[in-house]
Structures are given as C-alpha cells and as structure tokens.
Amino acid sequence: MNSKDYIKLIIDTKLAFFSKIKGFYILRPYGYKIWENIKNILNKMLIKNKHKNVYFPLLIPKSLFNIFNNHINNFTKECAIVTHSRLLIKNNNIYVDPKSKLNEELIIRPTSETIIWDTYSKLIQSYKNLPILINQWSNVVRLEMKNKMFIRNSEFLWQEGHSGHINKKEAIKEIKLIKKIYKKLIKNYLSIPFIFGKKTKLEKFSGSKFTYSFETLTKNGKSIQLATIHFLAKNFSKFFNVSFTDKKNKKKYVWSTSWGLSMRLIGAIIMIHSDKKGLILPPKISPIHIIIIPIINNNNKYIKKINNIVKKIKIIFYKSKINIKYDNNLNIKPGNKFYKYEKMGIPLRITIGKREIKNNKIEIIRRDNFKKYYLDIKNIFIFKKKILKLLKKIQKNIYNKAKKYIKKKTFKVNNYYLFKKIMSKKGGFIMTYFDNNNDTELKIKNETKATIRCIIKQENGKCIYSGKKTNKKVIFGKSY
RNA sequence: CGGGGUGUAGCGUAGUCUGGUUUAUCGCGCCUGGUUUGGGACCAGGAGAUCACAAGUUCAAAUCUUGUCACUCCGACCA
C-alpha cells in the first residue's frame, strides 16, 4: 500500500479528513469510534489493575522544562508555544495584541511528565502515599516536518500512564504489568503481531533509564512503533524533588515509570490488515460487526419477510456487544453496497433475498477471506453461537496472516553487504547483532536509513558493522 | 531549511507550451422525478468554479511576468 492509496482509503471510508492546518486531521465518526473502542478496552484493563484516570492541563510553563532539560531534548524542535493572550480587531482585521504578551511562554504539552511530577512533588510526603498509578487520556502536540494521517499527526490522541513507587522492584513490577496489558490489547484485540524489546541508548526516551517498545511491520516493509514503556528510575523525582519518608523515617526519592500508546494504532491496523478491496477491521474493535443487505425484486413481495428476519437477528444480538447495521436504502443497488462495506472492513455480511426466504437459510460472507456460509436461523442459539465463532475466527485469521508476513519479512543476516541490499530493496526486519556503540548505530542509519527498532535479547554474536563480539541481538528496520 | 513538482467544483481532471467562439472540458459524487435492484443501474432534468492569492503586461489573462501562500516528492529534522 503506497502513501496515496493509504490516504485515499482513509478519506473514502470516512475515518478522517484534512483540516486547515498541515498535520492536524479531523477524526470522523467512523474513525473516532474505532479509537473509542480501543480506548474502552485498554481503560477497562487499567482500571481493573488499580489505575485511576486523571487530567492535567494542556499548557505547561516553559520553566518546568528547564528543570530537566535533558528530557525536552527530544521535543525542542517540535513544540507549539503560546505567547499571547489577547486579540485586537482593527479595520476588520484581527491582530495579536502586543501588550498581552505573557510573562512566561507556555508550551502545549508534547508529553506530561514534567507537570505531573512537579505536581506530585507537593502531594507525596509519605510511603503511604505510594504507589501512584495514574493514567491520562488526552491530546498532545508535536509539530513534525513530515505528517501522515494517524501515523504521524502533529496533534494526536493518546493515553499516557504515569506511576510512582517506593523502590525499584515495585517500578519494575509495574512495567511488567503494563507490558502484559499492552500485549493483550495489541495481540488479542487489534490482531497485530509485534516484536518487543529495549530501545538503544540513542533511541530511548530522553529522561528514561531504559525504554521498551512494541514494534510491527507494515505491508510495504516499514516498521511502526506501536507503544512504549519507560523506566524513569529516579530521574524525574530527583529533578522535581519528588520524595517521601519511608518506614524508617528516611527520605527517599520516588521511582517512576511512564508508558503510552496513541491513535497511531489505527494507522497500523489500516496498514497491516488492509487488502486490495479496502480495510479489514479486527472484529473486537470494529464499530459495526455485521452489515445486512436486502435484495429486493420489483414486486415487493419479500420486503416484509426480509424485515422480519432482520428484526429477529437484531433481537438475537440485543444487548450483546455485536453491532448490526441494516442498509435498506433501496435506491442503491446491492453490488454498490457490497463494495462499500467491504471497503469499510465490516467483518461479516449477511445478504437476505428471495433465495434465503425460500431455503430458510441466510447467506453470510466473511470479509477476511470471502468464504460463504449458509446458516439456519430457526434455532437462534445455534445461529448466535455460529456468528460469534466466525467473528473469533476472523480475529485470529488476520493475526495469523500478519504474523506469517512478518516472519517472511524478517531476515537473519550477518553480513553488512547483504544487510544494505535487503534494506534498499525489500525492506522488512533484519535480525542481527550490534556492538552497543552509538557511532555504529549512527553510521548504519546514515548509510541505510535503517535504525534499531529494539534489542530483542541477550545472545552472543558478532556486530554486523564492526565485527566486534557482543551480546545484543537486535532488530533493524526502516521506520515511519 | 535546501532541491524538484503541482495549485482549475466535494474529489479526480482537460485546457497553460503558442493569450482571443471558453458561455472553462470530462468522469465520479451531490439534488429532483421516474423506472430498476443476487457484484459498482438507467433515463430525464438540475445545482455547484471570483481558474490558489496579489500586482503587472495587454484591446483581451486559467494561459505571459513578478511576488506571496498552500500542498507534494526527494534530502535534512523527528518517533
């Protein structure tokens, strides 16, 4: 899928639209509903694991970034800055009132660690106040040069979790928990296979001790970062003076973590699961699960019977998580509707016409492989069971398909010449060894545009570039 | 920020080189009415464009000149 097709698909299926400002996009109902579904699933898991939702302000005083300026390093070139507070209208033109210049510039949050830890420095006094397990659903702004809908927006919706703990052990425990939750969301709900590992020193989040990331591969051989988890250790608590008194009356710094994922996931879903006919949405996050299309002849003999069957199906799934849409617009031919809903990626399609009524069986077609099924609707329990089973199968099948693709596109390489050849032609993941040296990483990046997506495990080998002995097994890829 | 390209209706486009029958082309989409409906229907009618913006050259500018802006591709930056 090239860039043009990707954007066209998003516009055609009404997921999103362009706004007046470059890099800022309008999320339309269909696209926003997908985000809401992802959000609800993750939110439930976080709440169940004792996290609480909060909301911090959009604007952060510049001085807060000054406290730990190594952290803002990542963001200095992509900040939106608020400098004034008033407008003037003169001769029907609007001007910024120069007199309203703010004493201190305000940064529109690119991420919220600073304001959160500045706040908690005042709220935490005792070990009894810990752990802090909070999460924020919000928007952030990062003004980047190159944009791509969902994948790299200048403003995007995300979730940022922050935690504070009494010691390292507890913080690591939190990281393991979040890893488990993210893994479940990405694999079981979004049907996206991924690789997981630590970021290198160069690629990790500024201000973190280490960063874990979830990475996947799209159909054009480029990799996408799906989510990150940062172990902040005592970095932020030291700079922001977040300390507590422990049981032995000793003053200690808080250990913290942060973790996030964004609506980039929607971009990943589009890029990974789509085929020539359009989107294929994982059933668990699809706004509509079943589209029902009536086929009606010029003598309207069957309309009533068809409507009755539709009613019956709707009753069967009443109050369940299955959303059904009945498109009974008779001005549009069925073929047109087939194409439309295939493009939108609706997992199942039911067609009802003369044939179905005569045979007492309903035709159901899967979006992922177009297999046809004929189901008896007399026994509603069996019917319901079979539908639910089909949705599960789709969920699994698209995961397996993507997994196969990634496996096929992951190359084990131990020679740099081959590395360059693969990266310039096929793209994909390259599994190899790396000497953990910044210079090596930069040189490879300059020569091939490939970066280390993550360190997947400790294993002895020789660095692809320098030939030095190392124990870092890594995955390289070209990133969005 | 450096180099190339493009701006014509909601979208995609013809026309620009060589200024003039241009009342700006065609397709999709949209609206009205009718006939249709098992894989993108057809007929009839209709709405929709200060040709990106500004200035200039000219009897005459979508077309030529200059400037501005926006978008886009390739670099750089960035995850």
Side-chain angles (χ1 to χ4, degrees), chain A residues 2-5 7-12 14 17-24 26 28 72-79 110-111 140-148 150-154 156 158 199-200 202-206 208 211-216 222-228 230 260-265 267-268 277-278 291-303 306 327-343 349-359 362-363 365 370 372 374 442 445-446 449-454 477-480:
Chain A
N2 65 37
S3 190
K4 254 189 183 172
D5 292 339
I7 290 165
K8 197 170 181 301
L9 186 56
I10 290 171
I11 303 295
D12 282 357
K14 301 182 183 173
F17 197 66
F18 300 102
S19 80
K20 280 275 180 195
I21 311 168
K22 187 194 162 202
F24 290 76
I26 286 120
R28 304 186 66 187
I72 192 83
N73 264 348
N74 266 6
F75 307 107
T76 48
K77 286 171 186 168
E78 47 189 84
C79 279
T111 180
V140 287
V141 170
R142 297 177 186 177
L143 301 177
E144 311 213 43
M145 300 275 179
K146 254 185 196 174
N147 298 104
K148 196 180 190 83
F150 291 116
I151 304 284
R152 199 171 285 280
N153 293 12
S154 287
F156 55 90
W158 78 341
K199 286 282 183 192
T200 61
L202 278 178
E203 293 275 334
K204 78 176 174 63
F205 179 68
S206 297
S208 78
T211 291
Y212 279 127
S213 86
F214 293 75
E215 305 272 339
T216 194
K222 283 193 176 182
S223 59
I224 294 189
Q225 180 180 296
L226 299 165
T228 47
H230 312 296
L261 54 79
S262 73
M263 64 189 198
R264 170 183 278 184
L265 289 174
K277 295 206 169 192
I291 175 72
I292 304 176
I293 296 169
I295 314 277
I296 288 158
N297 296 324
N298 55 358
N299 53 351
N300 291 350
K301 220 161 98 186
Y302 297 102
I303 286 192
I306 291 169
D327 188 343
N328 61 351
N329 182 349
L330 299 183
N331 293 320
I332 297 169
K333 301 246 302 182
N336 201 328
K337 291 179 191 169
F338 296 161
Y339 282 103
K340 180 182 163 184
Y341 294 107
E342 276 161 13
K343 203 171 209 182
R349 180 179 83 216
I350 289 179
T351 322
I352 314 175
K354 198 163 87 181
R355 237 188 265 156
E356 281 70 20
I357 285 171
K358 278 188 176 165
N359 302 336
I362 288 173
E363 183 191 272
I365 294 182
F370 293 101
K372 272 188 196 176
Y374 295 94
L442 282 173
K445 188 179 174 182
N446 284 337
K449 284 184 203 166
T451 51
I452 295 173
R453 304 320 311 148
C454 58
K478 276 190 199 173
S479 166
Y480 267 107

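Here is the naming used below: chain letters follow the sequence lines, and residue numbers restart at 1 for every chain.
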Looking for any heavy atom pair under 4.0 Å, which part of the strands does [X] touch: base, sugar-phosphate only, or nothing?
X        : result
A:Ile332 : base
A:Glu215 : nothing
A:Lys337 : nothing
A:Leu330 : base

Atom [atom1] of [X] to atom [atom2] of [N]: distance rounded to whole Å?
X        : N     : atom1 : atom2 : answer
A:Asp5   : B:U72 : CG    : C1'   : 16 Å
A:Lys354 : B:U36 : NZ    : C1'   : 15 Å
A:Lys14  : B:C30 : NZ    : C1'   : 12 Å
A:Asn328 : B:U37 : CG    : C1'   : 13 Å
A:Asn329 : B:U36 : CG    : P     : 17 Å
A:Glu356 : B:U37 : CD    : P     : 16 Å
A:Arg355 : B:U37 : CZ    : P     : 14 Å
A:Asn331 : B:U32 : CG    : P     : 9 Å

Check whether A:Lys337 reaches the backbone of A:Asn329 with its side chain - one donor and one acceptor, N or O, closer than 3.5 Å.
yes

Donor-acceptor pair between A:Asp327 and A:Tyr341 side chains, under 3.5 angstrom
yes

Shortest non-hydrogen contact from A:Asn147 toward A:Gly23
CG-CA, 3.4 Å

With rounding to the closest Å, how many angstrom separate the [atom1] atoms on [N] and [M]?
N     : M     : atom1 : result
B:U8  : B:U22 : C1'   : 13 Å
B:A41 : B:C28 : P     : 12 Å
B:C42 : B:A54 : C1'   : 47 Å
B:U16 : B:G7  : P     : 12 Å
B:U63 : B:U58 : P     : 16 Å
B:G27 : B:U21 : P     : 22 Å
B:A62 : B:A14 : C1'   : 12 Å
B:G40 : B:G46 : C1'   : 24 Å

Charged N-O contact under 4.0 Å between A:Glu144 and A:Lys77
no

Taking the basic N atoms (NZ, or NE/NH1/NH2) and the acidic carboxylate oxygens, is any pair closer than 4.0 Å for A:Glu215 and A:Lys199?
yes

Are A:Tyr339 and B:G40 stacked, counting the six-membered base ring, centres under 5.5 Å, planes under 30°?
yes

Using side-chain contact (heavy atoms from CB on, under 4.5 Å), reason through A:Lys354 and A:Lys301 one step at a time and then give a plain yes or no.
CA-CA 9 Å; A:Lys354 198 163 87 181; A:Lys301 220 161 98 186; over 6 Å; no

Readout for nucleotides 74-79 of chain B: B = base within 4.0 Å of protein heavy atom, S = sugar-phosphate only, - = neither; 5' to 3' it is -SBBBB

Out of B:A41, B:U37, B:G39, which has the shortest distance to the side chain of A:Asn336?
B:A41

Under the 6.0 Å and 45° cation-pi test, does A:Lys277 pair with A:Phe370?
yes

State whether A:Phe156 and A:Arg142 meet the cation-pi test: NZ (Lys) or CZ (Arg) under 6.0 Å from the six-membered ring centroid, and within 45° of the perpendicular axis.
no

Answer whether the closest heavy-atom distance between the side chains of A:Ser479 and A:Glu203 falls below 4.5 Å.
no

If we only count heavy atoms from C-beta on, is the A:Thr228 to A:Tyr212 side-chain gap below 4.5 Å?
no

Which nucleotides of RNA chain B pair, in dot-bracket form (Watson-Crick or G-U under 3.5 Å, | meaning another strand)
((((((((.[[[..)....(.....]]].((((((.....)))))).....[[[[[..)....]]]]])))))))....

Can you name the atoms? Protein N/O to nucleotides 3-11 of chain B N/O, anything below 3.5 Å, with the distance.
none

Of A:Pro294 and A:Lys343, whose nearest nucleotide on RNA chain B comes first from the 5' end?
A:Pro294

Let me spell it out: for each of A:Gly23 and A:Lys277, pick the nucleotide of RNA chain B with the closest heavy atom. Which residue's pick is nearer the 5' end?
A:Lys277

Using the test side chain to side chain contact (heavy atoms under 4.5 Å, CB included), find all partners of A:Glu356 that sit at least two apart in sequence or belong to another chain.
A:Ile352, A:Glu363

Once side-chain hydrogen bond (donor to acceptor under 3.5 Å, both in side chains) is applied, do any residues pair with A:Lys222, and if so which ones, sequence neighbours excluded?
none

Return the set of residues passing salt bridge (Lys or Arg N to Asp or Glu O under 4.0 Å) with A:Arg264 (not counting sequence neighbours), or none when no residue passes.
none

For the pair A:Phe17 and A:Ile10, evaluate side-chain contact (heavy atoms from CB on, under 4.5 Å) and give the outcome as yes or no after the intermediate values.
CA-CA 8 Å; A:Phe17 197 66; A:Ile10 290 171; over 6 Å; no

Would you say the base of B:G39 and the side-chain of A:Glu342 have a donor-acceptor pair closer than 3.5 Å?
yes

